[in-house]
Amino acid sequence: MAEAPPTLPREPAGAPSPRTLVLLRHGRTSWNASGRVQGQIDSELDETGLAQAEAVAPHIAAYRPVAVWTSDLQRAAVTASYVAREAGLELRTDPRLREFGLGEREGITHAEYSAAHPCEYADFVTGRWSSVPGAEGVEDVRSRTTACLTELAASIAPGEVAVGVAHGAALRVAVEGLVAGTASEPSAYAGMDNCGWAVLRERHAPRDGEPSWRLVAYNRTAPDPRFAQSRTAG
């Protein structure tokens, strides 16, 4: 049985009901398991990842979402399909929710990366991805992911819940952007586990220049023994 969603703080009396975003990372891939840099390469969920997606779906559906949007990369889209099916919803894909593009380093293992480019790799593992040749910039990823998620939130009514399914690094940047209004390098947020999720709640009447979202929960995971934790990029 899925555990109940977290109790959300009450808004002041008379305030409109806030919207909620649930942001889910995809299940494990064989590339996650082998320590290979994925970026925007379209890797598939492995057996564990499929089990994770199946296990997490009822927990996300318990929030009673009315919309599910996902990255078009199949590791996210397949994960999202389990959630959409459990919630009885149609799935929408959007490339703005893709993972960071990691340029020349996509496809190599962490061991290969460390051996060939030790100084650059030291930056990479601490989230300083601007050192990676051809990598997508943090502000570019923040801009596209937050624009997509803001559009997703605007598509639902006050008091409703929407789900966005994406990737580890992209979600770190998106959460920071929505909650803090900026994105840092390295990110101020730790990576989420495979099929970990965050919950953001809309703020009403923020002051000028303040972000419109509050972080309610971060890196929640389904209590299932099939879960194998992974915070590797992608």
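Formation of a donor-acceptor pair under 3.5 Å by the D42 side chain with backbone atoms of Q74 is found in this model. E202 places no side-chain N or O within donor-acceptor distance of the main-chain N or O of P18, the cut-off being under 3.5 Å. Within the 3.5 Å criterion, the main-chain N or O of P186 finds no donor-acceptor partner in the side chain of R128. Looking only at distances, no side-chain donor or acceptor of S143 sits under 3.5 Å from a matching main-chain atom of D140. At least one donor-acceptor pair closer than 3.5 Å links the side chain of T79 to the backbone N or O of G27. In this structure a side-chain-to-backbone donor-acceptor pair under 3.5 Å is present from E106 to L102. With hydrogens and angles disregarded, a donor-acceptor distance shorter than 3.5 Å links the side chain of T126 to the backbone of A122.
At least one side-chain heavy atom of L200 sits less than 4.5 Å from a side-chain heavy atom of V179. A heavy-atom distance below 4.5 Å is not found between the side chains of L171 and Y189. By the 4.5 Å heavy-atom criterion applied to side chains, E151 and W69 are counted as neighbours. Proximity of L23 to W197: side-chain heavy atoms (C-beta onward) are nowhere separated by under 4.5 Å. Taking the side chain as every heavy atom from C-beta outward, D46 and W31 never approach each other to under 4.5 Å. Side-chain contact between Y113 and R105 is present, with at least one heavy-atom pair separated by less than 4.5 Å. Between L21 and W213 the shortest side-chain heavy-atom distance falls below 4.5 Å. E54 is not listed as a side-chain neighbour of E86, based on a closest heavy-atom distance of 4.5 Å or more.
Residues I41 and L73 do not share a hydrophobic cluster, defined by chaining ILVMFWY side chains whose heavy atoms lie under 4.5 Å apart. The hydrophobic cluster containing V161 does not contain I156, counting ILVMFWY residues as joined when their side-chain heavy atoms lie under 4.5 angstrom apart, directly or transitively. In the hydrophobic clustering of this structure, V22 groups with V68; members are Ile, Leu, Val, Met, Phe, Trp, Tyr whose side-chain heavy atoms approach within less than 4.5 Å, directly or through other members. Criterion: ILVMFWY side-chain heavy atoms under 4.5 Å apart, direct or through other members. Under it, V165 and V216 are part of a common hydrophobic cluster. No path of Ile, Leu, Val, Met, Phe, Trp and Tyr side chains, each step under 4.5 Å between heavy atoms, connects V83 with V66, placing them in separate hydrophobic clusters.
Remark: R75 CZ to L50 CG distance equals 14.0 Å, nearest 0.5 Å. We find the CD1-OH distance between I60 and Y63 to be 6.0 Å, quoted to the nearest 0.5 Å. For the atom pair CG of L152 and OG1 of T70, the computed distance is 11.0 Å after rounding to the nearest 0.5 Å. Here the CD atom belonging to Q52 is positioned 8.5 Å from the CG atom belonging to L45, to the nearest 0.5 angstrom. Atom CZ of R220 and atom CG of L24 lie 12.5 Å apart (nearest 0.5 Å). To the nearest 0.5 angstrom, L97 atom CG is 5.5 Å from L149 atom CG.
Side-chain contact check for E44 and S30: no donor-acceptor pair (N or O, by modelled atom type) lies under 3.5 Å. Using modelled atom types, one finds a donor on one side chain and an acceptor on the other under 3.5 Å when comparing Q38 with S43.
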Exercise. Would E185 and S130 satisfy side chain to side chain donor-acceptor pair (under 3.5 Å), going step by step from the backbone distance to the final call?
Worked result: CA-CA 8 Å; E185 188 184 61; S130 59; 2.8 Å; yes

For this session: Give the C-alpha distance, both sets of side-chain angles, the deciding distance and a yes or no for side chain to side chain contact (heavy atoms under 4.5 Å, CB included) between D72 and R98.
Result: CA-CA 7 Å; D72 60 342; R98 284 187 176 191; 2.7 Å; yes

Exercise. S131 and D123: side chain to side chain donor-acceptor pair (under 3.5 Å), yes or no, with the steps?
Worked result: CA-CA 7 Å; S131 297; D123 283 344; 2.8 Å; yes

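Across all non-hydrogen atoms, the minimal contact from P65 to L89 is O-CD1, 3.4 Å. The shortest non-hydrogen separation linking A174 to T145 is CB-OG1, 3.5 Å. Nearest heavy atom pair, residue L91 against residue A80, reads CD1-CB, 3.6 Å. Among all heavy-atom pairs drawn from A166 and S71, the shortest one is CA-CB, 4.4 Å. In terms of heavy atoms, A170 sits closest to F100 at N-CD1, 4.1 Å. Closest non-hydrogen pair, R19 versus P158, comes out as NH2-CD, 3.4 Å.
Under the 4.0 Å criterion applied to side-chain N and carboxylate O atoms, E160 and R64 are not assigned as salt-bridge partners. A salt bridge does not link E47 to R28: none of the charged nitrogens lies less than 4.0 Å from a carboxylate oxygen. D193 and R25 are not joined by a salt bridge, as no carboxylate oxygen comes within less than 4.0 angstrom of a charged side-chain nitrogen. In summary, R142 and E136 do not engage in a salt bridge, as defined by a charged side-chain N under 4.0 Å from a carboxylate O. A salt bridge does not link E99 with R172: every distance from a Lys NZ or Arg NE/NH1/NH2 to an Asp or Glu carboxylate oxygen is 4.0 Å or more.
Under the 6.0 Å cut-off for aromatic ring centres, F124 and H110 qualify, their centroids lying closer than that.
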